[in-house]
*Asks:* 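One structure, as structure tokens, below. Some questions next.
Bear in mind the structure is a predicted one, so any value in this text is a computation, not a measurement. Just so it is clear: chains get the letters A, B, ... in the order the sequence lines come, proteins before strands, and each one is counted from 1.
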There are 2 protein chains.
Amino acid sequence: MPSSAQRKATAEDSLDRVFHALADRTRRALLARLAQGPARVTDLAAPFAMSLPAVSKHLKVLESAALIERAVDGRVHRCAIAAAPLKDAGRWLEHYRGFWEERLEALARFVEAPAKPKRGRR
Amino acid sequence: MPSSAQRKATAEDSLDRVFHALADRTRRALLARLAQGPARVTDLAAPFAMSLPAVSKHLKVLESAALIERAVDGRVHRCAIAAAPLKDAGRWLEHYRGFWEERLEALARFVEAPAKPKRGRR
DNA sequence: AATAAATTAAACCATTCGGTTAATCAATTC
DNA sequence: GAATTGATTAACCGAATGGTTTAATTTATT
């Protein structure tokens, strides 16, 4: 049981963390890498022009958003992608899909239409 | 022509901005509100326990992520949701769908099932 | 013309972010 | 058991975030 004044983690908290985690290209790249299979921290860090601690921090962010899981085996930490929160984010976006879809369709038709002599607007 | 050293805005830049914009619950709430129709800045700000300038800043973030558009009409700024970047974000998430899908399908069925006497799982 | 309204701009503040290097710790290997 | 490896922690740094309050700006109202 949580010891002191500790608010319950809400769905909003989770979205905060997930979207924040996704808002960094290094972290997205890490996810992309992990999408092809689990990997050790050092291997994950290798392609990046930054220090190991930096990558370690990124992984911690991903982990606290529950986007990855890690299995500690001896001194090596094996990271793997974990999908559920992405699904939440996807659902959130999905919520708006109905809305855009129609607008985008219209926009797309407009944009892709034979270039008519441009009217003011904007 | 861009005056000085000015990098071209990449798709990654765009994802950075969109996900960052979505990573704040106030901004998500603003989007939610706007999903129901355009609104003036003051009206958008009303429900929030924060100053108008604060909301104004949030709107600027949403705007620079191209998630909203604004039409200035006299002294009132009318904001409206703009869907395209959300679509990009959705596409990005979609990219991972193959991976989760199988894992999550089962979970989704479970979660959305008629409330059965809850079994463990997580 | 004076005032009020809608909004942004500016200056400021505390906190978080993303990175660094150096130190630490635990598990292997020689 | 001493050195090496895999990884985190700690301390620090500059820049960005999210908020504030106080102007400033522009447009509308009376």
*Asks:* Would you say A/S56 reaches D/dA7's phosphate, i.e. side-chain N/O to OP1/OP2 under 4.0 Å?
*Replies:* no
*Asks:* Are A/K57 and D/dT9 close enough that a side-chain N or O sits under 4.0 Å from OP1 or OP2?
*Replies:* no
*Asks:* Rounded to whole Å, please give me the gap between CG in A/L52 and P in D/dG6.
*Replies:* 10 Å
*Asks:* Closer than 4.0 Å, any side-chain N/O of A/H77 to the OP1 or OP2 of D/dG6?
*Replies:* no
*Asks:* Which comes earlier along DNA chain C counting from the 5' end, the contact point of A/G74 or that of A/V55, where each point is its nearest nucleotide?
*Replies:* A/V55
*Asks:* Nearest of C/dG18, C/dT8, D/dA7 to any side-chain atom of A/V41?
*Replies:* D/dA7
*Asks:* Quick check on C/dA6: is either OP1 or OP2 less than 4.0 Å from any side-chain nitrogen or oxygen of B/T42?
*Replies:* no
*Asks:* Please give, in whole Å, the distance from D/dG6 C1' to A/R70 CZ?
*Replies:* 12 Å
*Asks:* Taking CZ from A/R17 and P from C/dC17, how many angstroms apart are they, rounded to a whole number?
*Replies:* 12 Å
*Asks:* May I have the distance from B/E63 (atom CD) to C/dT8 (atom P), rounded to whole angstrom?
*Replies:* 8 Å
*Asks:* DNA chain C: A/H20 or A/M50, which has the more 5' nearest nucleotide?
*Replies:* A/H20
*Asks:* Within the structure provided, determine whether A/R25 and B/D13 are in side-chain contact (heavy-atom separation under 4.5 Å).
*Replies:* yes
*Asks:* Please figure out whether B/R75 or B/T26 has its closest DNA chain D nucleotide nearer the 5' end.
*Replies:* B/T26
*Asks:* I would like to know whether A/L67 and A/L34 meet side-chain contact (heavy atoms from CB on, under 4.5 Å); could you show each step before the answer?
*Replies:* CA-CA 10 Å; A/L67 284 167; A/L34 285 176; over 6 Å; no
*Asks:* How many whole angstroms separate atom CG of A/D16 from atom C1' of C/dT16?
*Replies:* 13 Å
*Asks:* Nearest whole angstrom, please: distance from the C1' of C/dT16 to the CZ of A/F19.
*Replies:* 20 Å
*Asks:* Compare every heavy atom of A/V18 with every heavy atom of A/A65, then report the nearest pair and how far apart it is.
*Replies:* O-CG2, 3.8 Å
*Asks:* D/dA7, C/dA10, D/dT8: which one has an atom nearest the side-chain heavy atoms of B/P53?
*Replies:* C/dA10
*Asks:* In whole Å, I'd like the distance from the CZ atom of B/R78 to the P atom of C/dA5.
*Replies:* 19 Å
*Asks:* If you check every side-chain atom of A/A54, which of C/dT8, D/dT21, C/dG19 has the closest atom?
*Replies:* C/dG19
*Asks:* How long is the straight-line distance from CZ of A/R78 back to CG of A/L44, given to the nearest 0.5 Å?
*Replies:* 9.5 Å
*Asks:* What is the distance from NZ of B/K60 to P of C/dA9, rounded to the nearest Å?
*Replies:* 5 Å
*Asks:* Can you tell which of B/R70, B/R40, B/E63 makes a side chain to side chain donor-acceptor pair (under 3.5 Å) with B/H77?
*Replies:* B/R70
